[in-house]
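One-based numbering, in listed order, for ligands and for the atoms of each. Because the structure is a prediction, the values reported are computed rather than measured.
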Amino acid sequence: MEITYTSTRGDQTKYTASQAVLKGLANDGGLFVPNRIPKLECTMKEIAELSYQDTAYEVMKLFLTDYTEEELKACIEAAYDDKFDTPEIVPVVKKDGAYYLELFHGSTIAFKDMALSILPHLMVTAAKKNHCENEIVILTATSGDTGKAAMAGFADVPGTRIIVFYPKDGVSPIQEKQMVTQKGNNTTVVAIRGNFDDAQSGVKKLFADEEMEQKMKAAGYQFSSANSINIGRLVPQVVYYVYAYAKLVQAEEIEEGETVNVTVPTGNFGNILAAYYAKHMGVPIGKLICASNENKVLYDFFSTGTYDKNRDFILTSSPSMDILISSNLERLIYKLAKNEKTDACCMDAAFMEDLAKKGSYTITESMKKNMTDFYGNYATEAETAEKILDMYQKERYVMDTHTAVASCVYDKYVRETKDQTKTLIASTASPYKFTRSVMEALGISCEGKDDFELVDELNRLSQVKIPKAVEEIRTAPILHTRVCDAEKMKEEVCDILKL
Ligand SMILES: *Cc1c(COP(=O)(O)O)cnc(C)c1O
């Protein structure tokens, strides 16, 4: 049965999957949501026999119903190939009593590669299917990892251009170097004087700017998004939860049907929402444990039912989670509101208006009661560092800072609830991406050492091969030097596109 996509905010226009992928964001500023979450058609035992690519097909075909088998398989084959450093694509490793789902084996060594390796292919296919003549301009705000992964995916893809905005002082040195050395004639990187939320709000504003849309049209361009607001990001992320569960069954770590909890280090709520979708597709997932760093807006939301971004923005050692406006939460709010008697779209739109105007909103008591799938907590900077050291001492396993946040929060959950359910922890980045913070946590003196010296030290210490992504940028020339004020993003885009 065909799945259609509509806005979370009231625009009732129905879009096919490929149209939603192409548009990115609905006209009223809402996010596209499927009219229902499809159920898996295979048992876990059957899925356990499949490769990652075949699992991806089994899951994605249920959401992206207007792509033909041939189209979807071609996208999958092009995405999950030897760009990944292991044929398993996402290995699951057992460390200190939990299962770590390593999502960082792609070309930019963060979990964003899972979706951004395939999004360009889904988009170019969507453009063809919908007879789109315009050049697609991908506009992306990044807290560090999306930008590089999106550029790596879109670089030199015909018919596309990509412009990435990142917060000047809000990303790790390795992340910045990865971005400013990006090759490809169609890529542009801009540092903004502001934080990630400024970048994301600026991008959303540009999407809704009608004058801009007219100018773009006249020049033969149209915008789309590579941020996790694009449904084409979310759907590929559902795959690895299905795959990981099936692999645990196959390895006889769990029985088929046994409940597993999932812990996710969370920023924009995309990765954990994908786990929630997997649960609703039929994967036996129990609690969804939402881990925040000191920007704990989600923890407060799960405890109180009030989302309040009015607080100081803290720069932490897990910068990809330094976010106060967690975009994908809107999709959960919409789903919760749907269980109410009121019109879900109206309610969602009203909350989002409150968020834009006052910086906060409060959901109803009954919506709050329906959030029992989720548990939220957070880890401080000190706790995160301690966890990295503790895991290294116990297992000689080096985690990155984001994964460590998740691992800490998982410990807190177990202490608090005594729940012994087996748990999958999303491991979202290679420690090589956050070398300095990781080495400091391990008690290594970093003063006066540059990031690549630290990379070599981490290599000696962890015995994990230095990823190609890091070796490549060691000596790569800097190709991007644009900097602008957060308020000047529109002017910057006009300048880049010569509008
Ligand atoms: C983006 C990112 C996150 C947060 O994921 P969301 O889907 O935004 O919640 C966590 N860890 C790393 C390393 C990331 O790059």
Name the closest protein heavy atom to atom 10 (C) of ligand 1, giving the residue it belongs to and the distance to 0.1 Å. P265 O, 3.5 Å

My understanding is that we take every heavy atom of each candidate and find the minimum distance to atom 3 (C) of ligand 1. Doing that for K112, R233, Q175, which one comes out nearest? K112

N/O to N/O below 3.5 Å, does that happen between G267 and ligand 1? yes

I need the nearest protein heavy-atom contact for atom 5 (O) of ligand 1: residue, atom name and distance, please. F111 CE2, 3.5 Å

Quick check on side chain to side chain contact (heavy atoms under 4.5 Å, CB included): which of V164, T188, T142 does M151 satisfy it with? V164

Atom indices of ligand 1 within 4.0 angstrom of A429 heavy atoms, with elements: 13 (C)

Distance filter under 4.0 Å to D145 heavy atoms, resulting ligand 1 atoms: 12 (C), 13 (C), 14 (C), 15 (O)

For atom 8 (O) of ligand 1, what's the nearest protein heavy-atom neighbour? Residue, atom name and distance, please. N268 N, 2.7 Å

Give the numbers and elements of all ligand 1 atoms closer than 4.0 Å to a heavy atom of G270. 6 (P), 7 (O), 9 (O)

Ligand 1 atoms in contact with M321 (distance to a heavy atom under 4.0 Å): 10 (C)

Assess the residue pair K394 and D96 against the criterion (salt bridge (charged side-chain N to carboxylate O under 4.0 Å, His left out)); give the C-alpha distance rounded to whole Å, side-chain angles, the decisive distance to 0.1 Å, and a yes or no. CA-CA 7 Å; K394 279 192 182 129; D96 194 24; 3.6 Å; yes

Establish, yes or no, whether the cationic atom of K95 lies under 6.0 Å from the six-membered ring centre of Y100 and within 45° of the ring axis. no

Do the ring centers of F301 and F269 come within less than 6.0 Å of each other? no

Within a 6.0 Å radius of atom CG on D312, are there more than 12 heavy atoms belonging to other residues, nucleotides or ligands? no

Before you tell me yes or no, could you show the steps for K168 and E176 under salt bridge (charged side-chain N to carboxylate O under 4.0 Å, His left out), namely the whole-Å CA-CA distance, both residues' side-chain angles and the distance that decides it to 0.1 Å? CA-CA 9 Å; K168 182 81 192 92; E176 183 165 41; 3.1 Å; yes

Would S228 count as a polar contact of ligand 1, with the cut-off being nitrogen or oxygen pairs under 3.5 Å? no

Relative to the ring of Y80, is the ring of Y52 parallel (under 30°), tilted (30 to 60°) or perpendicular (over 60°)? perpendicular

Does the Lys NZ or Arg CZ of K23 fall within the cation-pi geometry relative to F207 - under 6.0 Å from the ring centre and within 45° of the axis? no

Would you mind listing which atoms of ligand 1 come within a distance below 4.0 Å of any non-hydrogen atom of T428? 10 (C), 11 (N), 12 (C), 13 (C)

Under 3.5 Å, N or O to N or O, is N271 touching ligand 1 that way? yes

Ligand-residue contact atoms, ligand 1 with T266, heavy atoms, under 4.0 Å: 9 (O)

Ring-face cation contact, Y392 with R396, 6.0 Å cut, 45° max: yes

Residue part near ligand 1, for F269, under 4.0 Å between non-hydrogen atoms: backbone

